[in-house]
Amino acid sequence: VMLVILGLAESDMVAAVFTVSLVVIIVMIVGFVVLAILAAFRRLGSRVRGMLGPGADASFRELDRMTGKEFESWIAQVLRGSGFAIYDTPHTGDFGVDVLCSPPGNPNRVAIQAKRYKSSVSNSAVQQAIAGAQYYDCTHSAVVTQSRYTRAARAQAAKADPPVLLIDRNSIRRMPQLLAKLAAGS
């Protein structure tokens, strides 16, 4: 009787109810997916952890706000907390090396050029790391940033002999492991 009053055939009413139900379900699924993505980004950006050692936690926001010297100190602290030997370099005239280190149980030294940048890091940082590694008699070199690298930086790092390890925002959580692997020659 109600269908007749509304002027809808029974099949039209079933189709309308089905369509509305389907739309509600799709909206709920999309909402849950959006919430899950937001939660994942919050977890990812909230702490730069991994095996970083005591006191070395820092959010990406905190890393982005550090000065260059604070970022260099943070890198040294993370590596020291992971058992690396850290060697001093002068604060000025460092020949392009901000941190000198050796992984636990490995005498090979790695020269690190630290770049706390708002924009992408260029190939001049790679050149500095290469020059500094030669000056300090290091077997390997790396550039560490909380940012990203330009194509030219990536190309020059790959062509260097030995190649320069580039650690960026996506790999900084694994910095100690990546540097230990580099120094081991693998």
Side-chain angles (χ1 to χ4, degrees), residues 41-104 106-158 160 162-183:
F41 274 122
R42 186 173 202 155
R43 279 192 308 272
L44 177 65
S46 68
R47 290 278 147 203
V48 180
R49 292 187 194 237
M51 321 261 196
L52 295 185
D57 292 352
S59 69
F60 282 117
R61 183 175 296 151
E62 291 166 330
L63 290 177
D64 290 340
R65 291 182 179 160
M66 288 180 180
T67 65
K69 287 292 169 209
E70 289 170 338
F71 187 58
E72 292 170 20
S73 296
W74 180 82
I75 291 169
Q77 181 182 2
V78 168
L79 296 176
R80 194 175 288 114
S82 296
F84 281 66
I86 304 296
Y87 309 100
D88 289 328
T89 61
H91 289 293
T92 57
D94 59 16
F95 293 93
V97 174
D98 299 309
V99 179
L100 280 173
C101 66
S102 293
N106 187 329
N108 292 333
R109 295 193 329 167
V110 179
I112 299 174
Q113 172 60 264
K115 292 294 183 188
R116 213 283 313 137
Y117 275 17
K118 289 182 182 177
S119 58
S120 295
V121 177
S122 71
N123 65 321
S124 66
V126 175
Q127 294 166 358
Q128 293 167 357
I130 294 167
Q134 290 172 346
Y135 180 81
Y136 288 106
D137 295 320
C138 296
T139 55
H140 295 87
S141 60
V143 182
V144 177
T145 186
Q146 91 312 340
S147 185
R148 308 209 189 289
Y149 293 98
T150 63
R151 276 191 203 134
R154 291 187 183 284
Q156 184 162 21
V164 177
L165 175 65
L166 299 181
I167 297 176
D168 64 8
R169 194 173 196 87
N170 295 326
S171 57
I172 201 165
R173 293 173 185 244
R174 300 185 326 273
M175 179 175 57
Q177 296 87 348
L178 294 171
L179 289 168
K181 186 176 178 181
L182 174 71

Peer 1: Whether the side chain of T139 engages the backbone of R109 through a donor-acceptor N/O pair (distance < 3.5 Å, no angle test) should be reported.
Peer 2: yes
Peer 1: Check side chain to side chain donor-acceptor pair (under 3.5 Å) between T150 and all other residues, then give those that pass, not counting sequence neighbours.
Peer 2: none
Peer 1: If every non-hydrogen atom of V164 is compared with every non-hydrogen atom of S141, which pair is closest and at what distance?
Peer 2: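 Closest pair (atom of V164, atom of S141, distance): CG2-OG, 3.3 Å.
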Peer 1: Sequence neighbours left out, what passes side chain to side chain donor-acceptor pair (under 3.5 Å) with S171? Give chain and number order.
Peer 2: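 For S171 the side chain to side chain donor-acceptor pair (under 3.5 Å) partners, ignoring immediate neighbours, are D168.
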Peer 1: How long is the span from the CD atom in Q77 to the CD1 atom in I86, to the nearest 0.5 Å?
Peer 2: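 It comes to 10.5 Å.
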Peer 1: For A142 and A129, work out which heavy atoms get closest and say how close.
Peer 2: O-CB, 3.9 Å
Peer 1: Taking the side chain as every heavy atom from C-beta outward, state whether V110 and L165 have any atom pair closer than 4.5 Å.
Peer 2: no
Peer 1: List the steps, then state whether side chain to side chain contact (heavy atoms under 4.5 Å, CB included) holds for L166 with V121.
Peer 2: CA-CA 10 Å; L166 299 181; V121 177; over 6 Å; no
Peer 1: Kindly give the heavy-atom pair with the smallest separation between V78 and P176, and that separation in Å.
Peer 2: CG1-CG, 3.9 Å
Peer 1: Tell me every residue that passes salt bridge (charged side-chain N to carboxylate O under 4.0 Å, His left out) with R169, counting only those two or more places apart in sequence or in another chain.
Peer 2: D64
Peer 1: Between V126 and Y149, is a side chain to side chain contact (heavy atoms under 4.5 Å, CB included) present by the stated rule, with each step listed?
Peer 2: CA-CA 10 Å; V126 175; Y149 293 98; 5.6 Å; no
Peer 1: In Å and rounded to the nearest 0.5 Å, what is the CG to CD1 distance from L179 to I112?
Peer 2: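 These two atoms lie 4.5 Å from each other.
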Peer 1: Going through the distances and angles, do T89 and Y136 end up as a side chain to side chain contact (heavy atoms under 4.5 Å, CB included)?
Peer 2: CA-CA 9 Å; T89 61; Y136 288 106; 4.1 Å; yes
Peer 1: For Q146 and K115, which heavy atoms make the closest approach, and how far apart are they?
Peer 2: OE1-O, 3.5 Å
Peer 1: Could you go step by step and tell me if L63 and W74 meet the side chain to side chain contact (heavy atoms under 4.5 Å, CB included) rule?
Peer 2: CA-CA 9 Å; L63 290 177; W74 180 82; 3.8 Å; yes
Peer 1: Could you grab the distance from atom CZ of R116 to atom CE of M66, nearest 0.5 Å is fine?
Peer 2: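 R116 CZ to M66 CE: 9.5 Å, rounded to 0.5 Å.
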Peer 1: Sub-3.5 Å donor-acceptor pair from the side chain of N123 to the main-chain atoms of A152, do we have one?
Peer 2: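 Side chain of N123 to backbone of A152, a donor-acceptor pair under 3.5 Å: no, none is there.
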Peer 1: Got a sec, which residues hit side-chain contact (heavy atoms from CB on, under 4.5 Å) with Q134, two or more places apart in sequence or on another chain?
Peer 2: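 Partners of Q134 under the side-chain contact (heavy atoms from CB on, under 4.5 Å) test: I130.
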Peer 1: For H140 and A133, which heavy atoms make the closest approach, and how far apart are they?
Peer 2: O-CB, 4.1 Å
Peer 1: Could you pull out all residues at least two apart from S147 that satisfy side chain to side chain donor-acceptor pair (under 3.5 Å)?
Peer 2: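 Applying side chain to side chain donor-acceptor pair (under 3.5 Å) to S147 gives none.
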Peer 1: Please name all residues satisfying side chain to side chain donor-acceptor pair (under 3.5 Å) with Y87, sequence neighbours left out, ordered by chain then number.
Peer 2: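 Y87 satisfies side chain to side chain donor-acceptor pair (under 3.5 Å) with S102 once adjacent residues are dropped.
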Peer 1: Among residues at least two apart in sequence or on other chains, which ones pass side-chain contact (heavy atoms from CB on, under 4.5 Å) with A114?
Peer 2: F71, E72, I75, D98
Peer 1: Quick check: closest heavy atoms across L79 and C101, and the distance to 0.1 Å?
Peer 2: CD1-SG, 4.0 Å
